[in-house]
Amino acid sequence: MFRIPTITKNLLIINLIAFLATVVLQLRGIDLADIGGLHFFMANDFHLYQFVTYLFLHANFMHILSNMFGLWMFGCVIENVWGPKKFLFYYITCGIGAGFLQEIAQLGQFYMTINAQDPTVTFGEIFAIGQQLSSQLNAWTTIGASGAVYAVILAFGMTFPNERLFIIPFPFPIKAKWFVLGYVAIEFFSALGTSGDGVAHTAHLGGMLFGFLMIRYWNRHPNSGFDRGRGMQFFDNLKRNFEQRQHHQGSGYSNPNMHVNRGGGSKEDDMEYNARKRQNQEEIDAILDKIRKSGYDSLTKEEKKKLFDASNQS
């Protein structure tokens, strides 16, 4: 049975609890979204902790359903590849970055709104005007995990660019890299269009931007504090198990999948056995190298079968 990794599972649970608490407290006249949502920094109700709390609040059922589905679908894979600490750091940091970019976008929107009414207003005067309108600016509130979730989708696309995904309504598979680029294009043009649909498109782009910069930094600085090689631990463990199996066979351990008579074998038999063992090891190494360079999807059926057989022999 598929097991949801620890951080992804806890994030799903926290988001669900926060959503239920929002619904229950709203019936009692308490607006949790107003308390924990990310307000415009010129508003009276703005607090720094909101850069984190806004990630766990959602407006309605469809809002949380879409975000949690994306977190489950892509977060499980990325956490298994990166490990819990790196995944959590990435998720929270990209969420904060998304909120930061949303604040910058709101500042630009506020300036354009005031400038449209009075073209003589300079950018420096905007802050003084914002203090006078701080109570009205409380209405500018951002909630939702979309920025962080979009960053996780980006991480999947950058980690497995050639992995094929089936996306409704398309009847054919789409490579992850094109799927991510499509998301970026949609959000970019939606942000430029300022459609007023109530969706924080800038926050979505902000999460992906911070995610992109973070992944690029990790790729260029593999010793920066997180184990970049963790993503290949599965394949490294696979290779180690294969080597241990070969060692056990050479030491006289029995293996139900290979029948080798080690008890009265000639010197020529030993040479054939060692040659076959080296050949198998070289084939596994070649398959693992191919996965590192082009991804698992690039393997042929025969290569996948050989890798599967090796993983089940210990």
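A single hydrophobic cluster is seen to contain both Ile78 and Ile153, as judged by linkage of ILVMFWY side chains at heavy-atom distances under 4.5 Å, directly or through other members. Cluster membership for Leu57 and Ile30, using ILVMFWY side-chain heavy atoms within less than 4.5 angstrom, is shared. When hydrophobic clusters are built by joining Ile, Leu, Val, Met, Phe, Trp and Tyr residues whose side-chain heavy atoms come closer than 4.5 Å, directly or via intermediates, Val24 is not grouped with Leu27. By the rule that hydrophobic residues join a cluster once side-chain heavy atoms approach within less than 4.5 Å of another member, Val52 and Ile17 end up as members of separate clusters.
Using a distance-only test at 3.5 Å, with no hydrogens or angles considered, no donor-acceptor pair links the side chain of Glu103 to the main chain of Phe100. A donor-acceptor pair is defined here as one N or O able to donate and one able to accept, closer than 3.5 Å; no such pair exists between the side chain of Gln102 and the backbone of Thr142. Side-chain atoms of Asn115 do not come within 3.5 Å of backbone N or O of Tyr111 as any donor-acceptor pair. In terms of modelled atom types and a separation under 3.5 Å, the side chain of His39 and the main chain of Asp34 share a donor-acceptor contact. A donor-acceptor contact shorter than 3.5 Å is absent between the side chain of Asn67 and the backbone of Val149.
For the side-chain contact (heavy atoms from CB on, under 4.5 Å) with Thr8, the lone residue among Leu12, Asn10, Thr6 that qualifies is Leu12.
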Quiz prompt | Phe19 vs Val23, side-chain contact (heavy atoms from CB on, under 4.5 Å): CA-CA, chis, key distance, verdict | solution = CA-CA 6 Å; Phe19 179 72; Val23 174; 4.2 Å; yes
Practice problem: Go through the steps to decide whether Met68 and Trp72 satisfy the test side-chain contact (heavy atoms from CB on, under 4.5 Å), and finish with yes or no. | Solution: CA-CA 6 Å; Met68 294 304 99; Trp72 167 78; over 6 Å; no
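In Phe61, the CZ atom is not crowded: 12 or fewer heavy atoms of neighbouring residues, nucleotides or ligands sit closer than 6.0 Å.
Once rounded to the nearest 0.5 Å, the distance linking CZ of Phe40 with CG of Asp45 reads 13.5 Å. Atom-to-atom distance recorded for Leu71:CG and Lys9:NZ is 13.5 Å, nearest 0.5 angstrom. Residue Asp118 holds its CG atom at 7.5 Å from CD1 of Ile129, rounded to the nearest 0.5 Å. Atom CD1 in Ile143 sits 10.0 Å away from atom CD1 in Ile64 (nearest 0.5 Å). Atom-to-atom distance recorded for Ile35:CD1 and Leu25:CG is 8.0 Å, nearest 0.5 angstrom. Atom NE2 of His63 and atom CG of Asn15 lie 10.0 Å apart (nearest 0.5 Å).
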Identify every side-chain donor-acceptor pair in residues 87-95 under 3.5 Å, counting partners at least two apart or on other chains, and give the distances.
{"residue": "Tyr90", "atom": "OH", "partner": "Ala151", "partner atom": "O", "Å": "2.5"}
{"residue": "Thr93", "atom": "OG1", "partner": "Phe89", "partner atom": "O", "Å": "2.7"}

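Aromatic ring orientation, Phe156 versus Phe160: tilted (interplanar angle from 30° to 60°). Relative orientation of the Phe127 and Phe41 rings is tilted, given thresholds of 30° and 60° on the angle between their planes. Aromatic ring orientation, Phe51 versus Phe46: perpendicular (interplanar angle above 60°, classes split at 30° and 60°).
Considering all non-hydrogen atoms of both residues, Ser135 and Asn44 come closest at OG-ND2, 3.0 Å. Contact between Leu101 and Gly206 at its shortest, heavy atoms only, is CD2-CA, 3.2 Å. The two residues Ala148 and Leu55 have their closest heavy-atom pair at CB-CD2, 4.3 Å. Residues Gly130 and Met42 approach most closely at CA-SD, 3.6 Å, considering heavy atoms. In terms of heavy atoms, Leu11 sits closest to Phe56 at CD2-CE2, 3.8 Å. Annotation for Cys76 and Ile4: closest pair SG-CG2, 3.9 Å, computed over non-hydrogen atoms.
Listed by chain and residue number, nothing satisfies the salt bridge (Lys or Arg N to Asp or Glu O under 4.0 Å) test with Glu125 (two or more places apart in sequence, or in another chain).
The cationic atom of Lys86 (NZ for Lys, CZ for Arg) lies less than 6.0 Å from the six-membered ring centre of Trp218 and within 45° of the ring axis.
Within the 4.5 Å cutoff, the side chain of Met73 has heavy atoms near those of the Phe69 side chain. At a threshold of 4.5 Å between non-hydrogen side-chain atoms, the residues Gln106 and Phe110 do not count as touching. The closest side-chain heavy-atom distance from Ile126 to Leu107 is below 4.5 Å.
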